[in-house]
S.K.: 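My questions all concern the structure below.
For this chain, numbers begin at 1 and follow the sequence in order.
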Amino acid sequence: QVQLVESGGGLVQPGGSLRLSCAASGSILSIYAMGWYRQAPGNRRELVATVTSDGSTNYADSVKGRFTISRDNAKNTVYLQMNSLKPEDTAVYYCNVDRIRLRNGINLYNYWGQGTQVTVSS
(Lines give C-alpha, C1' and ligand atoms only; values in the text may rest on other atoms or scores of the structure.)
Protein backbone atom coordinates (compact mmCIF):
# COMPACT_ATOMS: atom_id res chain seq x y z
CA GLN A 1 0.00 0.00 0.00
CA VAL A 2 2.99 2.26 0.60
CA GLN A 3 6.31 2.13 -1.20
CA LEU A 4 9.48 3.94 -0.23
CA VAL A 5 12.14 4.72 -2.81
CA GLU A 6 15.51 5.93 -1.60
CA SER A 7 18.26 7.57 -3.63
CA GLY A 8 21.45 9.55 -3.22
CA GLY A 9 23.90 7.15 -1.62
CA GLY A 10 27.38 6.55 -2.91
CA LEU A 11 31.10 6.90 -2.29
CA VAL A 12 32.46 10.17 -1.00
CA GLN A 13 35.76 11.33 0.44
CA PRO A 14 36.05 12.42 4.07
CA GLY A 15 34.81 15.98 4.45
CA GLY A 16 32.50 15.63 1.48
CA SER A 17 28.73 15.85 1.21
CA LEU A 18 25.84 13.71 0.07
CA ARG A 19 22.10 14.23 -0.05
CA LEU A 20 19.74 11.33 0.47
CA SER A 21 16.12 11.36 -0.66
CA CYS A 22 13.23 9.07 0.19
CA ALA A 23 9.89 9.36 -1.59
CA ALA A 24 6.79 7.63 -0.26
CA SER A 25 4.14 6.65 -2.79
CA GLY A 26 0.65 5.24 -2.49
CA SER A 27 -2.75 6.61 -1.62
CA ILE A 28 -1.31 8.75 1.16
CA LEU A 29 -3.16 11.53 2.91
CA SER A 30 -0.53 12.38 5.50
CA ILE A 31 2.58 11.09 7.23
CA TYR A 32 3.38 12.01 10.82
CA ALA A 33 7.04 11.07 11.18
CA MET A 34 9.76 10.56 8.60
CA GLY A 35 13.33 9.71 9.38
CA TRP A 36 16.65 8.11 8.61
CA TYR A 37 18.42 5.29 10.38
CA ARG A 38 21.71 3.61 9.59
CA GLN A 39 23.39 0.30 10.14
CA ALA A 40 27.09 -0.36 9.82
CA PRO A 41 28.46 -3.93 9.53
CA GLY A 42 28.34 -5.66 12.90
CA ASN A 43 26.33 -2.86 14.49
CA ARG A 44 22.69 -2.39 15.39
CA ARG A 45 20.49 -0.11 13.34
CA GLU A 46 20.60 3.34 14.91
CA LEU A 47 18.68 6.58 14.65
CA VAL A 48 20.23 9.31 12.53
CA ALA A 49 17.46 11.92 12.38
CA THR A 50 13.70 12.28 12.36
CA VAL A 51 11.25 15.03 11.43
CA THR A 52 7.56 15.21 12.26
CA SER A 53 4.76 16.76 10.25
CA ASP A 54 4.95 19.95 12.33
CA GLY A 55 8.66 20.31 11.60
CA SER A 56 10.10 19.08 14.88
CA THR A 57 13.47 17.41 14.38
CA ASN A 58 15.61 15.03 16.37
CA TYR A 59 19.24 14.13 15.67
CA ALA A 60 21.74 11.62 16.94
CA ASP A 61 24.51 13.37 18.83
CA SER A 62 27.07 12.02 16.38
CA VAL A 63 25.54 13.91 13.44
CA LYS A 64 24.40 17.16 15.08
CA GLY A 65 25.78 20.17 13.26
CA ARG A 66 26.73 18.11 10.20
CA PHE A 67 23.47 16.55 8.98
CA THR A 68 20.18 18.29 8.24
CA ILE A 69 16.86 16.52 7.82
CA SER A 70 13.98 18.12 5.95
CA ARG A 71 10.75 17.07 4.29
CA ASP A 72 8.38 18.13 1.54
CA ASN A 73 4.88 17.20 2.67
CA ALA A 74 3.37 17.85 -0.75
CA LYS A 75 5.72 15.26 -2.25
CA ASN A 76 5.77 12.89 0.76
CA THR A 77 9.54 13.07 0.55
CA VAL A 78 12.21 13.29 3.23
CA TYR A 79 15.77 14.45 2.66
CA LEU A 80 19.01 14.09 4.57
CA GLN A 81 21.76 16.56 3.75
CA MET A 82 25.02 15.14 5.02
CA ASN A 83 28.03 17.44 5.25
CA SER A 84 31.51 17.01 6.68
CA LEU A 85 31.21 13.28 6.27
CA LYS A 86 33.51 11.03 8.28
CA PRO A 87 34.57 7.42 7.69
CA GLU A 88 32.48 6.44 10.72
CA ASP A 89 29.38 7.61 8.84
CA THR A 90 29.82 4.65 6.49
CA ALA A 91 26.70 2.50 6.69
CA VAL A 92 23.54 1.47 4.94
CA TYR A 93 21.03 4.27 5.45
CA TYR A 94 17.36 3.36 5.77
CA CYS A 95 14.36 5.61 5.37
CA ASN A 96 11.51 5.15 7.84
CA VAL A 97 7.99 6.55 7.85
CA ASP A 98 5.52 6.14 10.67
CA ARG A 99 1.85 6.86 11.27
CA ILE A 100 0.73 7.05 7.66
CA ARG A 101 -2.88 8.04 7.04
CA LEU A 102 -4.23 6.66 3.78
CA ARG A 103 -7.02 8.31 1.83
CA ASN A 104 -9.34 5.42 2.73
CA GLY A 105 -8.91 6.23 6.41
CA ILE A 106 -6.60 3.35 7.23
CA ASN A 107 -3.52 4.10 9.36
CA LEU A 108 -0.23 2.30 8.71
CA TYR A 109 2.80 2.23 10.92
CA ASN A 110 6.57 1.83 10.66
CA TYR A 111 7.48 1.35 7.00
CA TRP A 112 11.12 0.92 5.94
CA GLY A 113 12.92 1.62 2.70
CA GLN A 114 15.29 -0.85 1.08
CA GLY A 115 18.41 1.00 2.21
CA THR A 116 21.10 2.92 0.38
CA GLN A 117 24.83 2.50 0.91
CA VAL A 118 26.91 5.46 2.00
CA THR A 119 30.68 4.93 1.99
CA VAL A 120 33.08 7.58 3.24
CA SER A 121 36.62 6.75 2.25
CA SER A 122 39.68 8.28 0.66
S.K.: Less than 4.5 Å apart, any side-chain heavy atom of C95 and any of V78?
M.R.: yes
S.K.: Just by distance, do the side chain of S84 and the backbone of G15 share a donor-acceptor pair under 3.5 Å?
M.R.: no
S.K.: Determine the minimum heavy-atom distance between N43 and Q39, stating which atoms define it.
M.R.: O-NE2, 3.1 Å
S.K.: If you group Ile, Leu, Val, Met, Phe, Trp and Tyr by side-chain heavy-atom gaps below 4.5 Å, do Y79 and V12 land in one group?
M.R.: no
S.K.: Are Q117 and T119 close enough that a side-chain donor and a side-chain acceptor fall under 3.5 Å?
M.R.: yes
S.K.: Applying the 4.5 Å side-chain criterion to the ILVMFWY set and letting contacts propagate, would I106 and I100 be lumped into a single cluster?
M.R.: yes
S.K.: Can you name the nearest heavy-atom pair linking E6 to G115, along with the distance?
M.R.: OE1-N, 2.6 Å
S.K.: Which atom names give the shortest non-hydrogen contact between L20 and M82, and what distance separates them?
M.R.: CG-CE, 3.7 Å
S.K.: Which pair of heavy atoms, one from I69 and one from A49, lies closest together, and at what distance?
M.R.: CD1-O, 3.5 Å
S.K.: Strictly below 4.0 Å, N to O, side chains only: are D89 and K86 in salt-bridge contact?
M.R.: no
S.K.: Would you mind reporting whether V118 and T90 have side-chain heavy atoms less than 4.5 Å apart?
M.R.: no
S.K.: If you look at every heavy atom in A40 and A91, which pair is closest and at what distance?
M.R.: N-CB, 3.8 Å
S.K.: To the nearest 0.5 angstrom, please state how far the OG atom of S25 sits from the CG atom of N76.
M.R.: 9.0 Å
S.K.: Working to the nearest 0.5 angstrom, can you tell me the gap between S17 OG and Q81 CD?
M.R.: 5.5 Å
S.K.: Does the pair L108 and Q1 meet the rule for a side chain to side chain contact (heavy atoms under 4.5 Å, CB included), with working shown?
M.R.: CA-CA 9 Å; L108 302 176; Q1 289 173 303; 3.7 Å; yes
S.K.: Determine, using the 4.5 Å side-chain heavy-atom cutoff (strictly less than), whether L4 and V92 are members of one ILVMFWY cluster.
M.R.: no
S.K.: Decide side chain to side chain contact (heavy atoms under 4.5 Å, CB included) for L29 and L102; before the verdict, give the C-alpha distance in whole Å, the side-chain angles of both, and the deciding distance to 0.1 Å.
M.R.: CA-CA 5 Å; L29 184 61; L102 299 181; over 6 Å; no
S.K.: Does any part of the side chain of L80, heavy atoms only, come nearer than 4.5 Å to the side chain of T68, both counted from C-beta?
M.R.: no
S.K.: Side chain to side chain contact (heavy atoms under 4.5 Å, CB included) for V63 and W36? Distances and angles first, verdict last.
M.R.: CA-CA 12 Å; V63 306; W36 292 94; over 6 Å; no
S.K.: Applying side chain to side chain contact (heavy atoms under 4.5 Å, CB included), run through I31 and R71 and close with a yes or a no.
M.R.: CA-CA 11 Å; I31 300 173; R71 61 188 283 174; 3.9 Å; yes
S.K.: Would the distance check show the side chain of D98 and the main-chain N or O of N110 forming a donor-acceptor pair, the cut-off being under 3.5 Å?
M.R.: yes
S.K.: Say whether N107 and R101, considering side chains only, have a donor N or O and an acceptor N or O under 3.5 Å apart.
M.R.: yes
S.K.: Counting only heavy atoms not in R45, do more than 12 fall under 6.0 Å of its CZ?
M.R.: yes
S.K.: Quick one: does any side-chain atom of R66 pair with a main-chain N or O of S62 as donor and acceptor, under 3.5 Å?
M.R.: yes
S.K.: On the six-membered ring of Y94, is R38 placed so that its NZ or CZ lies under 6.0 angstrom from the centre and within 45° of the ring axis?
M.R.: no
S.K.: Parallel, tilted or perpendicular: which one describes the rings of W112 and Y37, with boundaries at 30° and 60°?
M.R.: perpendicular
S.K.: Please report the interatomic distance CG(L11) to OG(S122), rounded to the nearest 0.5 Å.
M.R.: 9.5 Å
S.K.: Name the residue from N96, N58, T57 that meets the side-chain contact (heavy atoms from CB on, under 4.5 Å) definition with T50.
M.R.: N58
S.K.: Counting C-beta onward and ignoring hydrogens, is there a side-chain heavy-atom pair between S121 and P87 closer than 4.5 Å?
M.R.: no
S.K.: Any heavy-atom pair between the side chains of N83 and F67 that's under 4.5 Å?
M.R.: no
S.K.: Does some side-chain heavy atom of I28 sit less than 4.5 Å from a side-chain heavy atom of R103?
M.R.: no
S.K.: Run D72 and T77 through side-chain hydrogen bond (donor to acceptor under 3.5 Å, both in side chains) and show every step you take.
M.R.: CA-CA 5 Å; D72 184 333; T77 299; over 6 Å; no
